[in-house]
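Heads up, the thing below is written out as structure tokens.
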Amino acid sequence: MKIYNTMSRKKEEFVPIRDNKVGIYVCGPTVYDYIHIGNARPMIVFDTLRRYLLYKGYDVNYVSNFTDVDDKIIKRAIEEGVTSSEISERYIKEVKKDMHDLNVMEATTHPKATEEIPDMIEMIKVLIEKGHAYEVNGTVYFRTRSFPGYGKLSKKNIDDLEAGHRDEKHQLKVSGEDEKEDFLDFVLWKPKKEGEPSWPSPWGEGRPGWHLECSVMSKKYIGDIIDIHAGGEDLIFPHHENEIAQSEAANDVEFARYWMHNGFLKIDGEKMSKSLGNFFTIRDIGKKYPLQVIRFFILSAHYRSPLNFSDTLVESAKVSLERILNAVSRLEDTKEVAQERELTEEEKALEGQLAEYVTKFEQAMEDDLNTADAISTIFELVKFTNSNITAESAKSLVEKALDTIRQLCDVLGIITKVEKEILDSDIEALIEERQAARKAKNFARADEIRDTLAAQGIILEDTREGVKWKRA
Ligand code: AMP
Ligand code: ZN
């Protein structure tokens with residue numbers, strides 16, 4: 001598979017470091033509010049990368065953090081008059097619900113920054129010992145100029161950065177920065193302010209800097225070297241550049257082999273963001289569309305391209321997705337009435353064509369996760385089955401076509417199993433059968449019917465007036 005590596009600005013063949021195992025680290029959200037569709041883009045895109053690697057037979061260790069100590073969380077806690085951990089715990093729960101509804105798989109590990117403080121302190125100690133960090137008045141800074149590769153990911157030149165800052169500083173005096181040796185130095189540990197969450201450390205009570213969290217959590221749950229490090233393109237500088245500096249200075253090995261960054265989700269040509277106020281939360285969108293439509297919409301563009309969000313575009317994604325789901329539903333019905341016989345020669349050729357669609361789909365995914373082309377291939381396959389598979393077809397061919405569409409949708413995390421809602425008349429017929437089974441002392445069958453109904457959300461209640469039921 002070829003992956004576009006932000007480090008080399010080229011597509012490179014993906015080769016994992018440890019045989020069949022792939023370690024992926026995706027920077028996760030800061031949990032102080034509901035997530036918006038822009039935040040959902042990296043979640044969906046890199047979940048799809050994970051699913052494709054699993055499909056190819058890799059063993060994937062997928063780690064994505066929750067930043068649960070941060071200025072925004074503290075601000076929100078003060079506004080509501082509750083503790084920071086109440087805010088972060090609340091929104092971790094809400095983010096997890098949104099992820100589930102977007103069919104994003106749970107990470108192998110979802111570390112929380114506040115639970116990894118001792119390891120963060122350890123890394124800071126190592127950096128100080130090696131001369132890469134220093135403490136002033138309870139704040140520990142990373143000595144940026146001590147790391148020779150600084151700027152290699154974002155292609156920024158350290159002297160240009162310094163010059164840019166001098167111009168800026170000429171106009172506005174940045175407070176509290178004078179204690180730093182150099183303006184490029186960034187915070188690893190900051191001292192406690194009144195009312196803020198804090199932890200003891202050799203430099204006094206305080207809390208870690210944001211960049212440090214990811215360096216420490218990826219080391220702990222993946223190792224010193226990560227195969228793929230991913231996030232939105234706004235994280236390239238300074239977040240990922242600083243992660244590289246910290247990790248490579250501390251561990252003396254290359255931090256990540258491949259850097260993947262998704263493009264922005266935009267609205268009226270501007271990045272969707274909390275600060276601009278031009279955002280839609282996943283929770284609100286979910287009231288209007290099944291969230292599977294949002295997943296499909298996001299995947300219908302290449303992950304590195306900017307993607308504009310509008311009602312019209314989501315509406316059109318909805319219609320497209322329905323075309324696929326309708327084809328699946330038609331094939332399911334066709335399967336019930338199709339012919340129990342061997343494949344004809346002509347059908348064997350059709351079966352061969354099904355395999356060609358799979359190859360084409362894989363080629364698209366192998367080309368830097370081109371989900372847009374992969375989806376086009378699914379449409380071609382849908383068209384092919386609509387015109388070639390009928391009630392006259394051999395059952396095994398219908399099943400093969402159905403499995404093929406299902407399998408490809410599954411790689412994209414698109415759910416094709418449509419649970420048909422059980423009709424009232426079917427429920428009542430089953431209840432009657434259960435009563436008959438009980439009368440005949442066939443309790444096994446009676447229990448089986450109760451379980452079948454329960455699995456579909458139908459709850460039975462035995463009352464004196466007979467059996468009552470309701471939908472859960
Ligand atoms: P944050 O909580 O702001 O750090 O964002 C969490 C993730 O969402 C990061 O990977 C960001 O790069 C990503 N992100 C935020 N806004 C957008 C957007 N409008 N489009 C795409 N990705 C975004
Ligand atoms: Zn990060």
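We count ligands from 1, going down the list as the structure has it; atoms in each ligand are counted the same way.
Close approach to His36 involves these atoms of ligand 1, each under 4.0 Å from a residue heavy atom: 16 (N). Near Gly263, meaning under 4.0 Å from any of its heavy atoms, are these atoms of ligand 1: 21 (C). Near Leu235, with a cut-off below 4.0 Å to any heavy atom, the atoms of ligand 1 are 9 (C), 10 (O), 12 (O). Taking every heavy atom of Gly232 and a limit of under 4.0 angstrom, the matching atoms of ligand 1 come to 10 (O), 12 (O). The distance from ligand 1 to the heavy atoms of Gly38 drops below 4.0 Å at these ligand atoms: 14 (N), 17 (C), 18 (C), 19 (N), 20 (N), 21 (C), 22 (N), 23 (C).
Distances from ligand 1 to the non-hydrogen atoms of Ala40 include no value under 4.0 Å. For His261, the closest heavy-atom approach to ligand 1 does not fall below 4.0 Å.
Residue Pro42 places no N or O, backbone or side chain, under 3.5 Å from any N or O of ligand 1. Between Ser273 and ligand 1, no pair of N/O atoms sits closer than 3.5 Å. Between Met272 and ligand 1, an N or O atom pair is found at a separation short of 3.5 Å. For a threshold of 3.5 Å applied to N or O pairs, the pair formed by Pro29 and ligand 1 contains no separation below that value. In terms of polar-atom proximity, Gly28 is not counted as a contact of ligand 1, lacking any N or O under 3.5 Å from an N or O of the ligand.
Residue-and-atom listing of protein N/O/S atoms under 2.8 Å from the Zn ion (ligand 2), sorted by chain and number: Cys27 SG, Cys214 SG, His239 NE2, Glu243 OE2.
When only modelled atom types and interatomic distance are considered, His229 and Glu243 share a side-chain donor-acceptor pair under 3.5 Å. There is a side-chain donor-acceptor pair under 3.5 Å between Tyr289 and Glu315. Side-chain atoms of Tyr55 and Glu362 include a donor-acceptor pair closer than 3.5 Å. Between the side chains of Thr6 and His261, at least one donor-acceptor pair of N or O atoms lies under 3.5 Å. Side chains of Thr114 and Asp68: a donor on one and an acceptor on the other come within 3.5 Å. Asn65 and Tyr25 are linked by a side-chain donor-acceptor pair at a separation below 3.5 angstrom, with hydrogens and angles left out of the test. For the residue pair Ser84/Arg76, the side-chain donor-acceptor check at 3.5 Å is not satisfied.
The closest protein non-hydrogen atom to atom 2 (O) of ligand 1 is Thr30 N, 3.4 Å. In terms of protein heavy-atom proximity, atom 20 (N) of ligand 1 is closest to Leu265 N, 2.7 Å.
Nearest to atom 11 (C) of ligand 1 by heavy-atom distance, out of Asp234, Ile37, Val45, is Asp234.
Contacts of Tyr34 classified as ring pair (Phe, Tyr, Trp, His ring centres under 6.0 Å), with partners at least two apart in sequence or in another chain: Tyr91.
Contact annotation for Asn262 and ligand 1: only side-chain heavy atoms (C-beta onward) come within less than 4.0 Å of the ligand. Within the 4.0 Å heavy-atom criterion, neither part of Lys274 lies near ligand 1. With a heavy-atom cut-off of 4.0 Å, Asn39 touches ligand 1 through backbone and side chain alike.
Ring orientation note: the planes of Phe280 and Phe309 are tilted relative to one another, at an angle of 30° to 60°. Taking the six-membered ring where tryptophan is involved, the planes of Phe237 and Tyr150 are perpendicular, since the angle between them exceeds 60° and thus also 30°. Using cut-offs of 30° and 60° for the angle between ring planes, the His110 and Phe66 rings count as parallel. Taking the six-membered ring for Trp and thresholds of 30 and 60 degrees, Phe186 and Phe142 have nearly parallel ring planes, at less than 30 degrees apart. A tilted orientation is assigned to the rings of His211 and His239, their planes being inclined by 30° to 60°.
Between Arg406 and Asp410, no side-chain nitrogen of the basic residue sits less than 4.0 Å from a carboxylate oxygen of the acidic one, so the salt-bridge criterion is not met.
No donor-acceptor pair closer than 3.5 Å links the side chain of Ser329 to the backbone N or O of Leu325.
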